[in-house]
Structure formats: C-alpha cells, structure tokens
Amino acid sequence: MKIRPARRLAGHLPGLPGDKSVSHRAALVAALARGRSVIENYSTSEDCAATLRCLAQLGARIERTANTVVVEGVGAGEGDDRAGDGAPLLHEPSSALDCGNSGTTMRLLAGVLAAHPFASTLTGDASLRTRPMRRIIAPLELMGARVRSVDGRAPLHIEGRRPLAAVRYELPVASAQVKSCVLLAGLCAQGRTTVVETEARTRDHTERVLRHFGVPLEIREDAASRREISVEGLRGSFAARDFKVPGDISSAAFLFAAAMLLPGSDLRVEGVGLNPTRTAYLERLRALGGLRLENVREECAETVGDVRVRGVAGRRGGKDDEGQAERASFVVRGAEVAELIDELPLLAVVGSQLACGAEIRGAGELRVKESDRISATVENLRAMGAEVTEYEDGLRVVGGARLRGARLDARGDHRIAMAFSVAALVAEGETEIIDAEECVGVSFPEFFKLLDALVER
Ligand code: S3P
C-alpha cells in the first residue's frame with residue numbers, strides 16, 4: 001500500500017462497522033442463549049468471522065446477510081438439555097477450531113469449551129500460535145477442565161467438564177479476554193464464580209452483553225477501584241435477544257487521529273461506541289481541543305454517540321484557539337494502559353506530531369499482541385525520522401517530529417498498518433507499507449476505502 005501525504009480529512013460517516021470486541025461477545029452469548037437472536041451491525045472483521053465459523057462448527061445455526069447475523073442458540077443451562085440425557089448442548093467439533101488471528105476468539109471460546117464435556121482443539125495462524133495462553137489455561141484448570149498446550153501456546157486441546165467448579169479468581173494480568181474467559185466458563189459452572197480485577201479496569205463488554213441477555217451478574221467496586229464480578233452458574237437457560245452492535249471506536253480512532261492532525265479537517269462519525277472503558281483515547285484527543293461528542297445515548301446496554309473532530313493539533317499547526325494542543329501532555333502509564341491498550345501505537349504516532357511527544361510505560365503487554373507492538377512502533381517511527389527511545393515496557397518519542405515517507409513493515413499487524421497509514425498522511429513524501437491492505441482486514445477491512453473517500457490532497 002502506497003500512501004501520499006494529505007492536506008485534510010473531511011466528511012460525514014453515517015455509521016461504522018460494528019465493534020469487534022462487542023461482536024464476538026454478542027455472537028458467543030447468543031449461541032449459548034435459547035432461540036433466535038438477530039445481531040445488527042455485526043463487525044465486518046476477519047476476527048469476528050472466525051468466531052462465527054467456530055460457533056457453527058460447534059452446532060449453533062448461523063445465517064449472515066451483510067452485517068446482520070442471525071444466531072440460533074443452543075442453550076447453556078441445566079434446563080437446556082433437550083434430549084434429557086445429559087448430552088452437551090454445543091456438540092463436539094469434528095475438526096480443529098481455527099481462530100485465525102483472533103486472540104479474543106481463542107480466549108473467550110476456551111472458556112465456553114471448558115464447560116462442555118467433550119474434547120476440542122483451538123488453533124490459529126502463526127501469530128496467534130505464539131501468544132501466551134497460560135493466562136487462560138490456569139483458571140480453566142482450576143475449574144476442572146483439562147487444557148493441553150505446547151509451552152502455554154496454541155494449539156490448545158481442551159477436555160471440558162460439566163459442571164465445572166466455580167472459582168474466585170484474581171486476574172494476574174489486566175486482560176478483558178482472561179476476565180471474559182472465566183466469566184463464560186463460570187456461566188456453566190456449579191455455583192458462583194467471581195473474577196477480581198485489581199490492577200486496572202478492563203473493557204466490560206462481556207458484563208454488558210450478559211446483562212442484556214438477562215443473565216444476572218453482581219458487580220462490586222470498592223474505593224480502591226478493585227472490582228469483583230460474579231456470575232451464578234447453571235441457573236437454567238436464558239433467552240435469545242436481539243442486539244445492535246455500536247460502531248467500533250478502535251477503528252474510528254485512526255480516522256479521528258488523522259483528522260485531528262491535519263489542519264482544516266472536519267470529520268463527523270455517527271453511532272460510535274462510547275463505552276467508558278474504551279473512551280480514554282477520545283479523552284486524550286478531547287484535551288487537544290477540536291473533538292466534540294453529540295447525541296450520546298444508550299443502546300443495548302452500551303453508550304453510543306456521534307463524534308465530530310476538527311483539525312487543531314499537529315506539527316503543521318491548526319486553529320487551536322486556546323492553545324490546548326501546545327500544553328498537552330501525552331504520558332500513559334499505570335491503570336490507563338489497559339484502557340488505551342489497542343490505541344497505544346497510534347498515540348505514539350499522534351504524540352510525535354505534538355509539541356509534547358509521547359511517553360508510554362508499564363505497557364509490556366504490547367509485546368504479546370498480534371505483533372510485538374513496542375518494537376514495531378519504535379522501528380517504524382525511527383524509519384520515518386522520529387527520535388524514539390525503546391524500553392522493555394514502552395517507549396518515548398520526541399515531539400514535533402518532521403516525519404518523512406519510508407518503506408515500512410506492518411509485521412502483519414492490522415493496528416500497526418493503520419497507525420502508520422495515519423503517520424504517512426502527515427509525513428513528507430510517499431510511504432509504502434508492506435502487506436497493509438491484507439492485514440487491516442483483521443479488524444477494519446473498509447479502512448483504506450474510507451480513508452480514500454475522506455482525504456483531500
Ligand atoms: C480485547 C481485549 C484486549 C484487546 C483486544 C480485544 C477483548 O486484549 O487488546 O484487542 O475483546 O477482550 P487483552 O485482554 O489481552 O488485554
């Protein structure tokens with residue numbers, strides 16, 4: 001993909017493809033509900049297609065027309081044993097379940113499979129097979145499932161058990177995927193399963209989707225922001241529900257960054273998911289001036305709104321009336337890392353264009369994403385001429401960088417490809433990103449087409 005610099009971004013998107021995290025959960029929970037759920041604005045990503053394929057292999061009936069997915073759920077509770085012989089509700093797959101590039105598919109589905117009394121294998125592409133899975137193996141084994149792996153990596157061979165034993169599990173890593181894995185396993189366990197989030201608040205879509213489907217959850221938060229989420233297992237079935245997925249804020253993030261950094265830009269995107277565990281990035285942009293939320297509303301247990309961004313920040317200078325961009329500070333550490341996890345490479349790019357630069361620490365998790373995102377971000381920023389320091393747990397980039405076009409390697413990672421497409425728009429000269437078009441399909445297949453329609457040169 002070759003990208004030339006842009007003058008500005010302008011336009012109005014009346015909608016956006018559905019959020020990836022929410023879509024996975026809506027499909028999984030609908031498959032465990034009894035009856036037919038219609039999911040609107042389902043994510044167009046390859047990751048979420050992998051979740052649907054795996055669920056179909058397990059016996060859920062799924063029909064898809066454009067972005068609407070109809071799931072005929074099989075049930076998850078005691079009362080759902082239709083044959084009355086204790087037979088599983090989802091059935092044993094005849095071949096391995098391929099999660100592609102999708103960590104969310106693998107980790108959440110593992111929780112579901114652990115609670116079904118049959119053997120199954122979860123595998124994925126070369127990147128997914130390098131990612132750490134002990135974080136889910138440990139709690140699932142505590143609950144009574146057996147999970148074999150090679151050095152804590154996929155393929156995972158799961159021997160499920162019903163009922164699983166309920167647990168109280170303190171998350172050793174701030175991960176929504178691990179939290180969700182345990183909650184989904186807990187849904188089919190005997191008794192009450194509690195997940196304790198101590199370090200940081202992670203995205204809470206699983207909790208919201210479960211509540212939307214009528215599954216009772218108890219959520220307690222103490223003064224120290226320690227959260228305990230409890231689910232009662234095997235309480236009989238829950239019914240199918242229709243669901244509308246909000247636009248994906250982590251996809252929109254790239255468009256917002258480009259608009260913010262190019263003076264004269266004016267972009268309006270409707271129907272963006274504004275779940276408070278996902279909006280730290282928007283807050284960062286809002287502090288630069290030029291970002292407004294409009295028409296904020298609740299839909300299907302999620303907050304949704306329209307986002308308008310004007311170009312006010314960046315090295316080329318915009319019309320920032322109050323000098324907010326000049327005074328901005330882009331330091332991310334501690335509990336905020338989890339809330340910004342998917343946007344950190346992009347924040348480093350944005351920071352490189354602000355006077356303040358950017359510093360990200362405590363973000364070692366970035367090294368075990370779809371690629372080593374610390375190393376990929378450092379390498380590509382340097383290739384474009386920025387001054388960057390790499391740390392084991394993060395990076396620091398000097399602000400006001402005059403980026404120049406370069407030949408970049410996205411390392412097959414969708415978010416790296418999109419973050420550096422934004423960098424390319426504000427750079428001087430042409431940038432080439434290897435394999436960018438293929439890899440953005442993992443989360444946002446429409447990215448380059450949309451960008452092309454919005455960019456003015
Ligand atoms: C996700 C959680 C995060 C995030 C990923 C999606 C989810 O991963 O990076 O893109 O949908 O639960 P971790 O749970 O590993 O932090």
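Every number for a ligand or one of its atoms is a count from 1 in the order of the listing. In this text the structure is predicted, and so the values were computed from the model without any measurement.
An N or O contact shorter than 3.5 Å links Q177 to ligand 1 by distance. Remark: ligand 1 and R135 share no N or O pair separated by less than 3.5 Å (distance only, no angle test). In terms of N/O distances under 3.5 Å, ligand 1 is approached by S21. Residue A176 has at least one nitrogen or oxygen atom sitting less than 3.5 Å from a nitrogen or oxygen atom of ligand 1, judged on distance alone. Inclusion of E365 in the set of residues having an N or O under 3.5 Å from an N or O of ligand 1 is not warranted.
Legend: ring pair (Phe, Tyr, Trp, His ring centres under 6.0 Å) pairs involving residues 203-230, not counting sequence neighbours, sorted by first then second residue: H212-F243.
Interface atoms of ligand 1 facing I341, defined by a heavy-atom separation under 4.0 Å, are 9 (O). Taking every non-hydrogen atom of D342 and a distance limit under 4.0 Å, the qualifying atoms of ligand 1 come out as 4 (C), 5 (C), 9 (O), 10 (O).
Contact annotation: H24 has no heavy atom less than 4.0 Å from any atom of ligand 1. Ligand 1 lies nowhere less than 4.0 angstrom from a heavy atom belonging to H205.
A salt bridge between R135 and E365 is present, with a side-chain N of the basic residue lying under 4.0 Å from a carboxylate O of the acidic one. A salt bridge links R333 with E359: the closest approach of a Lys/Arg side-chain nitrogen to an acidic carboxylate oxygen falls below 4.0 angstrom.
Of the listed options R203, R131, K369, K369 places a heavy atom closest to atom 8 (O) of ligand 1.
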Q: For the pair S443 and H414, evaluate side chain to side chain contact (heavy atoms under 4.5 Å, CB included) and give the outcome as yes or no after the intermediate values.
A: CA-CA 7 Å; S443 64; H414 55 127; 2.7 Å; yes
Q) Run the salt bridge (Lys or Arg N to Asp or Glu O under 4.0 Å) check on R286 and E283 step by step: do they pass? A) CA-CA 5 Å; R286 186 141 67 167; E283 295 310 323; 3.3 Å; yes
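The single protein non-hydrogen atom nearest to atom 14 (O) of ligand 1 is S175 OG, 2.6 Å, given as residue, atom name and distance. Protein heavy atom nearest atom 12 (O) of ligand 1, with residue, atom name and distance: R25 NH2, 2.6 Å.
Between the side chains of K20 and S45, no donor-acceptor pair of N or O atoms lies under 3.5 Å. Side chains of T68 and E40: a donor-acceptor N/O pair is absent below 3.5 angstrom, by distance only.
With sequence neighbours excluded, the residues satisfying ring-ring contact (aromatic ring centres under 6.0 Å, His included) with F444 are F447.
Contacts with ligand 1 closer than 4.0 Å are made by no heavy atom of H414, backbone or side chain.
Taking every heavy atom of both residues into account, F254 and R415 meet most closely at CE2-O, 3.8 Å.
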